S.K.: 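Pasting in a structure now, in structure tokens, and then I'll have a few things to ask.
Values in this document were obtained by computation on a predicted structure and should not be read as measured data.
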Amino acid sequence: ESSPRLPAPKDVMVYSYNFRSLLRWSPVKVDRGLVLYTVHFKTGALNHWDEMNCTRIAQTECGFPWSLKERRWTVVLRVRAELGQATSDWVETQPFVAERNTTIGPPKVNSVNVSPDSLLISVTPPFGSAAGDFLQYHVSYWENARSITKETTTSNTLFKIENLKESTLYCFRVQVELMANSDLQLLGLQSVPECHRTTIS
């Protein structure tokens with residue numbers, strides 16, 4: 001006689017931000033007892049399921065282990081619900097490749113030095129870069145009183161917005177574009193606009 005089946009977890013999704021990835025799903029509701037979950041993974045190279053560090057856990061999320069930090073690997077995950085001897089069907093994710101599917105956050109603006117005709121901006125990238133990474137920063141800026149936006153691109157974490165009017169409020173925001181080895185371009189989220197007034201000469 002087959003063991004009773006539990007409902008399978010729903011909304012099974014990989015969430016990935018700045019290459020930190022985790023699997024999330026909706027809790028399975030039962031009348032009594034605590035439902036636990038087990039997560040497995042397999043990579044495109046090795047087509048067999050391995051245990052993650054999430055076996056019979058009560059949480060509805062599971063962080064990727066260090067062994068899955070390679071951004072170019074194709075990873076498939078699966079999760080099932082367990083209660084006593086009863087289990088659900090496994091639910092598999094779509095193939096996940098961090099280099100394509102992660103969300104890159106905005107860079108951190110460390111400092112802005114103001115002069116009469118320029119803003120000198122220092123930023124930190126949103127994640128630790130790996131070998132072969134090339135980061136470009138796309139900077140949009142505008143005079144606060146006008147709606148014309150100008151753009152500039154740089155690969156430096158210290159850059160200048162020049163040819164500004166003195167004693168004028170300027171706003172800017174920055175986003176990162178990652179160019180990786182595999183001709184891949186991944187555009188990050190824009191930073192929150194920041195405004196600074198140029199000084200008087």
Side-chain angles (χ1 to χ4, degrees), residues 1-110 123-133 135 173-178 180-182 184-192:
E1 187 170 310
S2 65
S3 62
R5 302 303 274 173
L6 287 174
K10 290 193 167 69
D11 309 315
V12 179
M13 289 280 294
V14 175
Y15 289 85
S16 184
Y17 189 76
N18 291 336
F19 298 105
R20 284 202 279 282
S21 307
L22 50 85
L23 184 70
R24 283 189 184 147
W25 56 91
S26 297
V28 171
K29 302 273 197 293
V30 292
D31 292 339
R32 58 186 175 277
L34 175 65
V35 177
L36 301 175
Y37 304 95
T38 293
V39 180
H40 290 170
F41 74 91
K42 66 181 178 182
T43 61
L46 298 169
N47 199 15
H48 68 87
W49 292 103
D50 276 314
E51 291 196 349
M52 294 255 281
N53 46 359
C54 301
T55 300
R56 299 185 66 76
I57 59 167
Q59 303 92 301
T60 55
E61 65 177 46
C62 173
F64 280 33
W66 186 241
S67 59
L68 288 184
K69 71 181 190 313
E70 283 296 330
R71 298 180 192 170
R72 295 188 182 93
W73 285 3
T74 301
V75 182
V76 177
L77 302 122
R78 68 179 185 179
V79 59
R80 76 175 182 186
E82 303 173 8
L83 178 60
Q85 295 302 302
T87 61
S88 74
D89 289 331
W90 290 100
V91 181
E92 283 187 29
T93 64
Q94 295 291 323
F96 170 80
V97 181
E99 198 173 68
R100 292 207 180 91
N101 304 125
T102 199
T103 298
I104 294 181
K108 177 174 178 284
V109 177
N110 300 318
V123 298
T124 304
F127 55 88
S129 59
D133 282 357
L135 293 181
R173 52 188 184 192
V174 194
Q175 67 189 133
V176 173
E177 185 175 21
L178 168 66
N181 283 341
S182 50
L184 200 80
Q185 293 167 316
L186 201 56
L187 198 57
L189 303 173
Q190 289 191 321
S191 62
V192 175

S.K.: Do the non-hydrogen side-chain atoms of V91 and W25 ever get within less than 4.5 Å of each other?
M.R.: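 In short, these two side chains do not touch, never coming nearer than 4.5 Å.
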
S.K.: Do the non-hydrogen side-chain atoms of I104 and L187 ever get within less than 4.5 Å of each other?
M.R.: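 Not touching, per the 4.5 Å side-chain cut-off.
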
S.K.: Looking only at heavy atoms, what is the nearest atom pair of P7 and S88, with distance?
M.R.: O-CB, 3.3 Å

S.K.: Show every ring-ring contact (aromatic ring centres under 6.0 Å, His included) that has at least one partner inside residues 40-65, sequence neighbours left out.
M.R.: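 Qualifying pairs, neighbours excluded: H40-W90, F64-F96.
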
S.K.: Donor-acceptor check, side chain of D11 to backbone of S26, threshold 3.5 angstrom: yes or no?
M.R.: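 Judged by distance alone, no pair lies under 3.5 Å.
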
S.K.: Say you draw a straight line from OG1 of T102 to CG of L186; how long is it, rounded to the nearest 0.5 Å?
M.R.: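 T102 OG1 to L186 CG: 7.5 Å, rounded to 0.5 Å.
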
S.K.: Would you check if V174 and K108 make a side-chain contact, meaning some heavy-atom pair closer than 4.5 Å?
M.R.: no

S.K.: Assess the side chains of S191 and Q175: does a donor N or O sit below 3.5 Å from an acceptor N or O?
M.R.: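 Looking only at side-chain atoms, Q175 and S191 do not form any donor-acceptor pair under 3.5 Å.
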
S.K.: When rounded to the nearest 0.5 angstrom, what is the spacing between SG in C62 and CG in L22?
M.R.: 8.5 Å

S.K.: How about L23 and Y37: do any of their side-chain heavy atoms sit closer than 4.5 Å?
M.R.: no

S.K.: Could you grab the distance from atom CZ of R56 to atom CG of L83, nearest 0.5 Å is fine?
M.R.: 8.5 Å

S.K.: Are T38 and E82 side-chain neighbours, meaning at least one heavy-atom pair lies under 4.5 Å?
M.R.: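 Yes; the side chains approach each other to less than 4.5 Å.
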
S.K.: Between R78 and D89, is there a side-chain N and carboxylate O pair less than 4.0 Å apart?
M.R.: no

S.K.: Of the non-hydrogen atoms in G63 and M52, which two are nearest, and what is the gap between them?
M.R.: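 G63 and M52 have their closest heavy atoms at O-CE, 3.9 Å.
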
S.K.: So which heavy atom on A86 is nearest to which on L6, and how close?
M.R.: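 Of all heavy-atom pairs spanning A86 and L6, the closest is O-CD1, 3.8 Å.
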
S.K.: Measure the CG-CG distance between L77 and D50 for me, rounded to the nearest 0.5 Å.
M.R.: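 Interatomic distance, L77 CG to D50 CG, rounded to 0.5 Å: 11.0 Å.
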
S.K.: Which atoms form the tightest heavy-atom contact between P107 and P126, and what is the distance?
M.R.: CA-CD, 4.1 Å

S.K.: Does this structure show an ion pair linking R72 with E99, if we count only N-O contacts that are shorter than 4.0 Å?
M.R.: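 Yes.
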
S.K.: If you measure from CD on E92 to NZ on K42, what distance do you get to the nearest 0.5 Å?
M.R.: 5.5 Å

S.K.: I'd like to know if the side chain of N101 pairs up with that of S16 as donor and acceptor (distance under 3.5 Å, no hydrogens or angles considered).
M.R.: no

S.K.: Are the side chains of V109 and T124 in touch, meaning some heavy atoms are under 4.5 Å apart?
M.R.: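 A side-chain contact under 4.5 Å is absent here.
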
S.K.: For P106 versus Y17, what's the shortest heavy-atom pair and its separation?
M.R.: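 Shortest heavy-atom contact: CD-OH, 3.6 Å.
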
S.K.: If every non-hydrogen atom of P95 is compared with every non-hydrogen atom of V76, which pair is closest and at what distance?
M.R.: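 In this case the closest contact between P95 and V76 is CA-CG2, 4.0 Å.
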
S.K.: Rounded to the nearest 0.5 Å, what's the gap from CZ on F127 to CG on L178? Could you check?
M.R.: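 If we round to the nearest 0.5 Å, F127:CZ and L178:CG are 4.5 Å apart.
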
